[in-house]
Structure formats: structure tokens, C-alpha cells
There are 2 protein chains.
Amino acid sequence: MTTRPGGRSARVRAAVLDATYAELVERGYLGLTVENVAARAGVHKTTVYRRWATIDLLIADALDSSRDTGWPAPDTGSVEGDLIAIADEIVTVFADPARRAVPEAVVTAALHSGRARQAKRDFYAARHDQAAAVVRRAVQRDELPPGTDAVELIRLTCAPLYYRIFITGEPVDHATAERSARAALAAARAGLLRTWDATGPVSSPSRTAVDRLR
Amino acid sequence: MTTRPGGRSARVRAAVLDATYAELVERGYLGLTVENVAARAGVHKTTVYRRWATIDLLIADALDSSRDTGWPAPDTGSVEGDLIAIADEIVTVFADPARRAVPEAVVTAALHSGRARQAKRDFYAARHDQAAAVVRRAVQRDELPPGTDAVELIRLTCAPLYYRIFITGEPVDHATAERSARAALAAARAGLLRTWDATGPVSSPSRTAVDRLR
DNA sequence: CTCCAATCGCAACTCGTGTTGCGTTAGCCT
DNA sequence: AGGCTAACGCAACACGAGTTGCGATTGGAG
């Protein structure tokens, strides 16, 4: 997608990656074969095989392409609202069989291929950073203790949902999302997620919030 | 394993399931083929194919067999110590390539087969129930608010670790385990994990802890 | 405009997984 | 102990994913 309109190579690459997404949504990871992807992309299967050794590398490449796609972080006015919105979006995605097929395939592929594992790591790192904006905002608004690890709070918010979905196989709903967000928030408010030592006065990188209290 | 010494069928079944575990540890999910399992079990491959249609069903059956194996919940004297011990065990398991192969295979198999998904769900439900004992103890000792959802506290303790391991691909260590346990505990102590309504006096199913305070 | 290198399409092939039919063996029941 | 049924071993086969060699096409450079 970087050089979308370009030489034949770029055109073929884009067509194949698009076809991969489409096949993934339609048939899931299991039904994903190189032949089907090639057929949908209007390309011969050898072309696909020559460029991507396995399906997992194909998924990894497709994920890389979509990583830099903009993802708008919610802005409800409060951290609590924002975190619940983030958690709710996860619930919504996994409630739709078509949409949940993509992350499921990514997780599966990452368990098979180191390259896919790397792509997945990069993808979630980017997403976490984008989502962490709501936390950084909250710290500036004194809603949360200064020095709160923004990404860690995002992790704690999402983790219980993914845990249920991928590990225990338990259902998730709006109540689950709300509970996860509130629990994570409780830890943050208790000062358990501070990056720098919280036991005493330190040379903090930013004491603006504290200073403003005086 | 239920009727270990029995007819030929039971013997073959046990041999195959044992071989499945051994192959899983040695070669991982990817290297797991029916032929290898059959060879190690001293059985012909058609015998395996006739009983278990796919590898995933084989893994599911092996998981079922190991579900009722006793798992000793830690008892350090405090909930915090117990939860950290539980979290630490997860870190330890996934630090060992051989031991992490099993849960990884289970998660992969569950994404492929409904039968494996069910086996995984049952397994974690049993584990959660066993681990929840430390929480129930803590509630009785008044370390935690009465009505605290024991299993939910266990979920919140484990979730951030599994999230890093399976989803984001970030590393886990003792510090991660400790932080997860403490964060979950903060939510529980804040009364966010109560099963019954916490906003006022209710007809609670069990007010023993409250009664004892008088 | 022409040539050249890279890439693609095509068909035939290899190889491993999973299947099938049949003969054989083991365990249980009277 | 003898027979009966269910399960197993074996070999041959079917099928599809992935590979390979070669000719054809594309897009850019001089």
C-alpha cells in the first residue's frame, strides 16, 4: 500500500494483500489457501508462492500494510469514558464473526511464524501508543497521578477482554468491558502504574500537576 | 487416564495421548504430526486417524485427560503473596520453551476446532476454580470485601500476562507478575469486583464476614 | 523506439497427509 | 477353553499443497 499505483509488482502486491484480507473475513484462517487468495487477486498461485513462502508471511505482510492506518482514539471527556469506549470497541469487534476473523488469524499466524510474530508486535505497539493518548491527556488534566504509565493502563484495560476471548473462551459484553476499564483505572488511581518510584519525592520528569496544586 | 490399565483400547488411548504430550513438548504444535505421534505410541497411524479425526481433537482429548489433575493453589499467608505466586508460575511456565509449547498448542487448536475450544474452556474453568480458593480464603479473613468475585480476581491477575504473551508479544518477568497481581488486588480492595450490588445494604447471599465484624 | 531485466503465467511434477479395504489379533463372555 | 466382536496393522491409494523449468509479458532505461 506504500506505493499503491506503481509498477506491476506494486499492483500485484496490493491485489494479493487485499485478497488476503477479503478471504480472511469470508472463510477465516482455516479456509485461507494460497490458491483462493491468488484466484481472488486475479493472479497465478506461483506468483504468490514466489513472494510469500507461507500463508503466515502473507498475513504478516498484510498486517504491516494496515499498521499505519489511522485509528482515532476516543475522546469522551473523561478517562473513564475513554477507556470504556476502547474496551467496548474490542467487544464490538469480537462480536462480529467477520471482524474477529482478522485478529484471530493474526494470533494464529504469530504462533506459527516469527515474521508474523514481529508484525503482530509492531501492530499492537502502534495501537497501544495511539490509545495511550487518552491516558496522557488524563494525566495532564490531573485525572491520574503524574508519571502514570500510559501504555500499561491501556494494557490492563484490554487484557481481561483478550484473556476471555483467546484463553478462557468466556463471553465478553458491555458489562465486562466496563468492569475491565474501571478495574484498570482503580490501579492507576492507586498509583500502582507509575513509571518512576512513588515512595517519596523524586526528580520527576514532569511535576506540573503537583506544582499546580500549590 | 481414567481407566488407565484396562482393555487394549484404553492402553492404546493412553499411549497415544502420552505421545501427543511428548511430541508437543519436543517439536511444538507445528512439528506435531499424526504419524510421529503414532510412531512414538507404538501404534499404526490409521489407528490414530480412526479415533481422532484431526490433531486438534487429539490435543483436546489430551487436555481433557489432564484437566482433573490436582493443581495445588499457593498458600503464602496473604492474598497478595498468593496472587503473586500464581502470576509468577505463569511467568515461569512461559519462560521454558518446552513447557510453553503446551498452552500455545492448546490456544492454537482451540482456534481451529470447536471441540478443542470446549476442552480449553473446561480446563481453564477448573484452574480458575482451584486458584480462586486463595481469594475465598482472603474474603473469610477479611482481607478483601465480602462478596468479592473470586474467579474475576484470578482473571484480572492472569490476564495481563497472557495478554503480553499471546497478543502483544511483549516479554513477561517477575516485575510484570507482581504488577499484575497488585493492580488486580487494588480493584478488588476498591470493591469493584463484588458480585452483588455494593451501593447499599442488600439481601446478600453470604454476610458472614460482615456479621463477624459486630 | 528498441532492447533488456525482472516478473508473471502455465503445466507438469513431487511429496506428504489423510483414506480405504481387507486380513489379523486381542479381549471378553458363556 | 472356544468362539465372537471390536479394534488394530498393513499396503495401496487418492488428493491437494507446494515446487520447478520454461516461455511470455511487462515496464523502464538508453
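Everything quoted here is computed from the prediction, not taken from an experiment. When reading the values below, keep in mind they use all heavy atoms of this one structure, side chains included, and skip hydrogens, waters and symmetry mates. First the proteins, then the strands, lettered A, B, ... as listed; each starts at 1.
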**Q.** Stepwise side-chain contact (heavy atoms from CB on, under 4.5 Å) test for B:Leu144 and B:Leu185
**A.** CA-CA 9 Å; B:Leu144 289 172; B:Leu185 210 47; 4.1 Å; yes
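- With hydrogens and angles ignored, the 3.5 Å screen pairs no side-chain donor or acceptor of A:Thr157 with any backbone N or O of A:Ala181.
- The distance between atom CZ of B:Arg13 and atom P of D:dA7, rounded to the nearest whole Å, is 13 Å.
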Q. Would A:Leu156 and A:Leu193 satisfy side-chain contact (heavy atoms from CB on, under 4.5 Å), going step by step from the backbone distance to the final call?
A. CA-CA 10 Å; A:Leu156 290 188; A:Leu193 306 184; 3.7 Å; yes
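- Proximity note for A:Ser9 (side chain, C-beta onward) versus C:dT17, C:dC8, D:dT20: the nearest is C:dC8.
- Between C:dG27, D:dT19, D:dG9, one nucleotide has an atom nearer to the side chain of B:His44 than all others, and that is D:dG9.
- In terms of position along DNA chain D, the nucleotide closest to B:Thr46 lies nearer the 5' end than the nucleotide closest to the other residue of the pair B:Thr46 and A:Glu35.
- Legend: residues meeting salt bridge (charged side-chain N to carboxylate O under 4.0 Å, His left out) with A:Asp61, ordered by chain and number and at least two apart, are A:Arg13, A:Arg115.
- Considering only residues two or more places apart in sequence or on other chains, B:Pro74 meets the side-chain contact (heavy atoms from CB on, under 4.5 Å) condition with B:Trp71, B:Asp82, B:Ala85, B:Ile86, B:Val134.
- In the helix from C:dC1-D:dG30 to C:dT30-D:dA1, the rotation axis of the first five pairs and that of the last five pairs differ in direction by 20°, rounded to 10 degrees.
- Not counting sequence neighbours, the partners of A:Phe94 by the ring pair (Phe, Tyr, Trp, His ring centres under 6.0 Å) test are A:Tyr162, A:Phe166.
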With 3.5 Å as the limit, what N/O pairs link the protein to nucleotides 13-15 of chain C?
none

(Q) Test side-chain contact (heavy atoms from CB on, under 4.5 Å) on A:His174 and A:Asp88; report intermediate values, then the result. (A) CA-CA 6 Å; A:His174 176 72; A:Asp88 257 332; 2.8 Å; yes
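- Partners of A:Thr46 by side chain to side chain donor-acceptor pair (under 3.5 Å), not counting sequence neighbours, listed by chain and number: A:His44.
- B:Arg11 places its CZ atom 15 Å from the C1' atom of D:dG9, with the value rounded to the nearest Å.
- Every residue two or more places apart in sequence or in another chain was checked for a salt bridge (charged side-chain N to carboxylate O under 4.0 Å, His left out) with B:Arg121, and none qualifies.
- Taking B:Arg164 as the reference, A:Glu152 meet the salt bridge (charged side-chain N to carboxylate O under 4.0 Å, His left out) condition, with sequence neighbours excluded.
- B:Arg136 meets the side-chain contact (heavy atoms from CB on, under 4.5 Å) test with B:Asp129, B:Ala132, B:Ala133, B:Ala150; sequence neighbours excluded.
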Q: Would you check, one step at a time, whether the test side-chain contact (heavy atoms from CB on, under 4.5 Å) holds for A:Arg179 with A:Arg182?
A: CA-CA 5 Å; A:Arg179 204 183 322 121; A:Arg182 294 224 168 92; 5.9 Å; no
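- In the region residues 47-57 of chain A, proximity to DNA chain D at under 4.0 angstrom, judged on heavy atoms, holds for A:Tyr49, A:Arg50.
- Scanning residues 23-31 of chain A for heavy-atom distances under 4.0 Å to DNA chain C yields an empty list.
- Listed by first and then second residue, the side-chain hydrogen bond (donor to acceptor under 3.5 Å, both in side chains) pairs that reach into residues 102-113 of chain A are A:Arg100-A:Glu104, sequence neighbours excluded.
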